Amino acid sequence: MLDIQRIKQDPDLVKKAINDKGEKNTGLVDQLLEADQKWRDSVHKLDMLRKESNEKAKQIGVLMGQGKKEEAQKIIRETGEMKSQVKDLEEEVKALSSSRDDIMYKIPNIPHPTVPVGATDEDNVVHKSWGDPLKDEWRRPHWEITDEKGWIDFQRGVKVTGAGFPFYVGPVARLQRALINYFINSAVDHGYLELQAPYFVNEDSAKGTGQIPDKEDMMYVIPRDGFFTIPTAEVPVTNFHRDEILETENLPVNYVCYTPCWRREAGSYGKDVRGLNRLHQFDKVELVKFVHPDTSYDELESLREDAERLLEALGLSYRTLLMCTGDMGFTQSKKYDLEVWSPGQQRWLEVSSCSNFESFQARRMMVRYRKEDGKPEILHTLNGSGLALPRVVSAILETYQEESGRVRVPDVLKPWFSGDYL
RNA sequence: GGAGAGAUGGCUGAGUGGUCGAAAGCGGCACCCUGCUAAGGUGUUGAACCCUUCACGGGGUUCCGAGGGUUCGAAUCCCUCUCUCUCCGCCA
């Protein structure tokens with residue numbers, strides 16, 4: 001959610017943002033301004049009416065206290081009509097504010113000036129490349145390796161739950177556990193506080209981070225208890241501070257949190273869902289920052305570096321893309337994607353997405369800090385994966401496989417293994 | 001799951017229909033005093049939103065777990081829900 005003041009001050013900037021993000025419906029801005037003005041007028045009318053009614057009620061109290069029953073009765077009679085007027089106006093204000101909010105929620109975040117304007121993923125800019133993408137013909141995709149060794153059991157996953165819910169067996173199970181440990185430890189070493197979060201959230205939390213109403217279909221629902229399974233740790237961790245005012249001297253507040261993630265992924269098919277490429281349940285270590293608005297773009301760079309460092313330590317080739325306006329998503333103002341090279345598939349796989357939301361998320365959730373003058377102000381939030389497990393596992397299997405078929409253990413993960421091979 | 005108690009400002013905690021956004025204490029902030037420190041004194045100290053102002057500020061509305069209701073008027077009465085605590089049951 002954007003700041004309405006900012007929209008009022010510079011509607012053209014917002015229209016440009018809508019255009020650049022490929023949303024097209026720039027008319028929303030004028031609709032919003034109109035709806036907002038109507039709401040304001042109505043609120044003001046209601047406030048004035050309530051004021052009058054409060055004054056009368058007070059008078060009655062005083063008169064009753066003095067025993068002047070008749071005069072009091074006279075005023076009571078006058079207030080009869082006001083009551084229904086107040087009620088009507090309340091309804092009106094409610095309706096107007098919800099139609100105003102409906103429009104507001106449809107207006108995307110404004111891209112930062114450093115974000116390239118573009119329509120599709122073709123317009124993304126390679127910000128950094130690291131390592132040489134391996135091209136050996138003999139390298140096989142991870143699913144062939146794991147099928148042969150019995151390291152991932154997709155079939156039993158289907159039997160027990162359904163497609164996209166595999167069992168990890170033996171060495172790969174251990175590999176994932178090692179990665180989770182390594183990722184969390186690395187983040188903690190760089191100033192993130194480790195959290196373990198609930199895997200279900202309530203409706204308020206799902207609203208807070210914007211999963212509902214927009215992206216309701218991405219989540220699994222537990223209707224009996226009103227819960228949603230989390231599609232990412234971003235949801236519980238960002239909501240951790242919902243409706244709070246953080247101590248300014250504590251900023252930035254950094255969290256690292258491992259959770260499984262559940263995503264319904266309706267409509268996916270083909271090579272995208274082969275092997276570990278796309279699952280309904282997967283593990284991810286998430287990094288979340290609550291920061292002072294002045295520092296959020298510096299924090300984005302350091303967040304990106306925190307994620308990149310992990311891939312470098314693992315010795316996996318990757319590239320970092322600066323996403324263009326059309327490919328970056330509704331809520332972000334700037335976003336980097338990290339893509340790891342999959343030698344067995346000869347393609348790039350997204351393993352992290354590092355975003356600055358500025359105040360877009362925090363405003364909806366009312367997460368604030370205190371300015372110098374002591375007044376509360378919306379802060380900025382960022383998050384990024386650090387990292388998503390399955391595709392990292394694919395890349396490791398495909399990068400560290402030898403022609404003989406064995407798979408070496410990356411050096412940084414050796415503390416969790418007893419030998420050099422999986 | 002059963003029985004009972006409760007939910008008030010950063011915290012503790014008063015307030016059972018009328019100048020209550022809410023006593024008091026603690027904490028925070030500012031100033032004063034005491035040759036430092038400790039102690040003491042005075043004042044100040046919630047949030048959202050609307051109107052007004054270039055700004056400082058001023059005015060107003062709402063908020064005492066949430067949502068409804070009664071009433072001219074609700075923190076206070078009624079209903080529903082949520083959560084917390086105690087006891088019992090169950091349990092990693």
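Quick caveat, the model's predicted, so the values are computed rather than measured. Letters go in sequence order (proteins before strands), and every chain restarts at 1.
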Seminar exercise, completed: Rounded to whole Å, CD of A:Glu244 lies from C1' of B:G9 at a distance of 16 Å
Problem set entry | Distance below 4.0 Å between A:Arg368 side-chain N/O and B:A47 OP1 or OP2 | no
Exercise. For atom C1', what is the distance between B:C81 and B:G73, given to the nearest Å?
Worked result: 26 Å
Exercise. Considering only the C1' atoms, how many Å lie between B:U52 and B:A30, rounded to the nearest integer?
Worked result: 29 Å
Exercise. At under 4.0 Å between heavy atoms, what does A:Met366 touch on the DNA or RNA strands: base, sugar-phosphate, or nothing?
Worked result: sugar-phosphate
Problem set entry | Integer angstrom distance from the C1' of B:G9 to that of B:G27 | 13 Å
Exercise. B:U76 and B:U62: how far apart are their P atoms, nearest whole angstrom?
Worked result: 15 Å
Problem set entry | B:C36 versus B:U45 - spacing of their C1' atoms, nearest Å | 29 Å
Exercise. How many Å lie between NZ on A:Lys45 and P on B:U62, as a whole number?
Worked result: 18 Å
Exercise. Would you say A:Arg370 reaches B:A47's phosphate, i.e. side-chain N/O to OP1/OP2 under 4.0 Å?
Worked result: yes
Exercise. Using atom P of each nucleotide, how far apart are B:G13 and B:C51 to the nearest Å?
Worked result: 40 Å
For this session: Verify the distance criterion only: is there a donor paired with an acceptor across the side chains of A:Glu402 and A:Tyr421 at less than 3.5 Å?
Result: yes
Exercise. Distance between the P atoms of B:A7 and B:C11, in whole angstroms?
Worked result: 15 Å
For this session: Take the protein atom CG of A:Asp243 and the nucleotide atom P of B:C49, then report the distance between them rounded to whole Å.
Result: 13 Å
Problem set entry | Touch class at under 4.0 angstrom, heavy-atom based, for A:Lys94 against every strand present | sugar-phosphate
Problem set entry | Distance below 4.0 Å between A:Arg50 side-chain N/O and B:G60 OP1 or OP2 | no
For this session: With heavy atoms under 4.0 Å as the rule, sort A:Ile75 into base, sugar-phosphate or nothing.
Result: nothing
Exercise. Is the shortest side-chain N/O distance from A:Lys56 to OP1 or OP2 of B:G73 below 4.0 Å?
Worked result: no
Exercise. Under 4.0 Å between a side-chain N or O of A:Asn54 and OP1 or OP2 of B:G60?
Worked result: no
Exercise. Has A:Lys58 got a side-chain N or O lying under 4.0 Å from the OP1 or OP2 atom of B:C72?
Worked result: no
For this session: Determine the Euclidean distance between corresponding P atoms of B:U12 and B:U86; express it in Å to zero decimal places.
Result: 16 Å
For this session: Could you check if a side-chain atom of A:His292 sits within less than 4.5 angstrom of a side-chain atom of A:Glu299, using non-hydrogen atoms only?
Result: no
Exercise. Nearest-Å distance, CZ (A:Arg40) to P (B:C51)?
Worked result: 5 Å
